Each structure stands twice: as structure tokens, then as C-alpha cells.
Amino acid sequence: MVLQRLIEQAGMPTVIIASLPTVAAQLGAPRIATADTPMGAALGAPKDTAQQQRILTAALRLQETAVTPGETAYLPESYRS
């Protein structure tokens, strides 16, 4: 999160894809995208490239559209093993 805040201070917006959004919010993440995924698999299930792409695309959209500091987007994705 420290690096993310430094990047933000330099004028570049950031977003974190977090499995634990409450922790990310407590640490001051400026934008948080989260899905129902376990730690270590924030982008979704292994080899599920379609799901990974949807999560990444949604995170990038949040980066463009978020207006409130600390905004969290809950993505409609679930981990499938």
C-alpha cells in the first residue's frame, strides 16, 4: 500500500485487487476491487482466463470511474476450483 500511495501522490491513479478488502481499506488503499476469491487468487481460479480478464477489466474500469477516496467495487465473481 505504501508504494500505491506514493504512485498516487505522483498523480497516477491506482487500484488494488484485494481478497481482503477490509484490510486494504484500513491500510488506506485509494481504490479497491474485490471478488469472492481466496487469498493468493485475487484474479480468480487458475487457468480461468475468462474470469481473470473480467476481474482485471472491472478493476481498470474502477480506476477510471471511482470518485470517492477508498471506494470499493464488489465484483460479481466467485472462485471456482
Side-chain angles (χ1 to χ4, degrees):
M1 300 296 160
V2 173
L3 182 58
Q4 187 177 17
R5 279 185 258 148
L6 290 173
I7 293 169
E8 287 273 339
Q9 287 174 356
M12 185 180 299
T14 63
V15 63
I16 187 169
I17 302 170
S19 296
L20 299 172
T22 54
V23 173
Q26 288 172 349
L27 294 173
R31 288 163 213 80
I32 304 162
T34 186
D36 182 18
T37 58
M39 288 194 52
L43 283 176
K47 300 182 182 178
D48 189 345
T49 55
Q51 181 181 51
Q52 294 165 2
Q53 187 172 26
R54 287 191 305 271
I55 291 173
L56 182 57
T57 300
L60 292 172
R61 282 194 190 112
L62 175 64
Q63 183 176 355
E64 294 174 344
T65 62
V67 292
T68 306
E71 187 167 335
T72 301
Y74 294 90
L75 310 178
E77 296 286 340
S78 294
Y79 186 84
R80 297 180 294 279
S81 56

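It should be emphasised that the depicted structure is a prediction, and the values quoted were computed from it without experimental measurement.
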Considering only residues two or more places apart or on different chains, which pairs with a residue in [range] satisfy salt bridge (Lys or Arg N to Asp or Glu O under 4.0 Å)?
range: residues 12-24; value: none
range: residues 34-44; value: none
range: residues 17-27; value: none

Which side-chain hydrogen bond (donor to acceptor under 3.5 Å, both in side chains) pairs, counting each pair once, include a residue from [range], with sequence neighbours left out?
range: residues 58-69; value: none
range: residues 6-16; value: Q4-T14, E8-T14, E8-R31
range: residues 46-59; value: D48-R80, Q51-E77, R54-E77

Can you list the other members of the hydrophobic cluster that holds [X], where links are side-chain heavy atoms under 4.5 angstrom apart?
X: I17; value: L43, I55, L56, L60, L75
X: M12; value: L3, I7
X: L62; value: V15

For the residue pair S19 and P38, what are the closest heavy atoms and their distance?
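Answer, listing the atom of S19 first, then P38: OG-O, 3.1 Å.
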So which heavy atom on A24 is nearest to which on A18, and how close?
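Reported closest heavy-atom pair: CB-CB, 4.1 Å.
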P21: which residues meet the side chain to side chain contact (heavy atoms under 4.5 Å, CB included) condition with it, sequence neighbours left out?
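I32, T34, T72, Y74.
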Contacts of type side chain to side chain contact (heavy atoms under 4.5 Å, CB included), residue P76, not counting sequence neighbours:
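Expected list: none.
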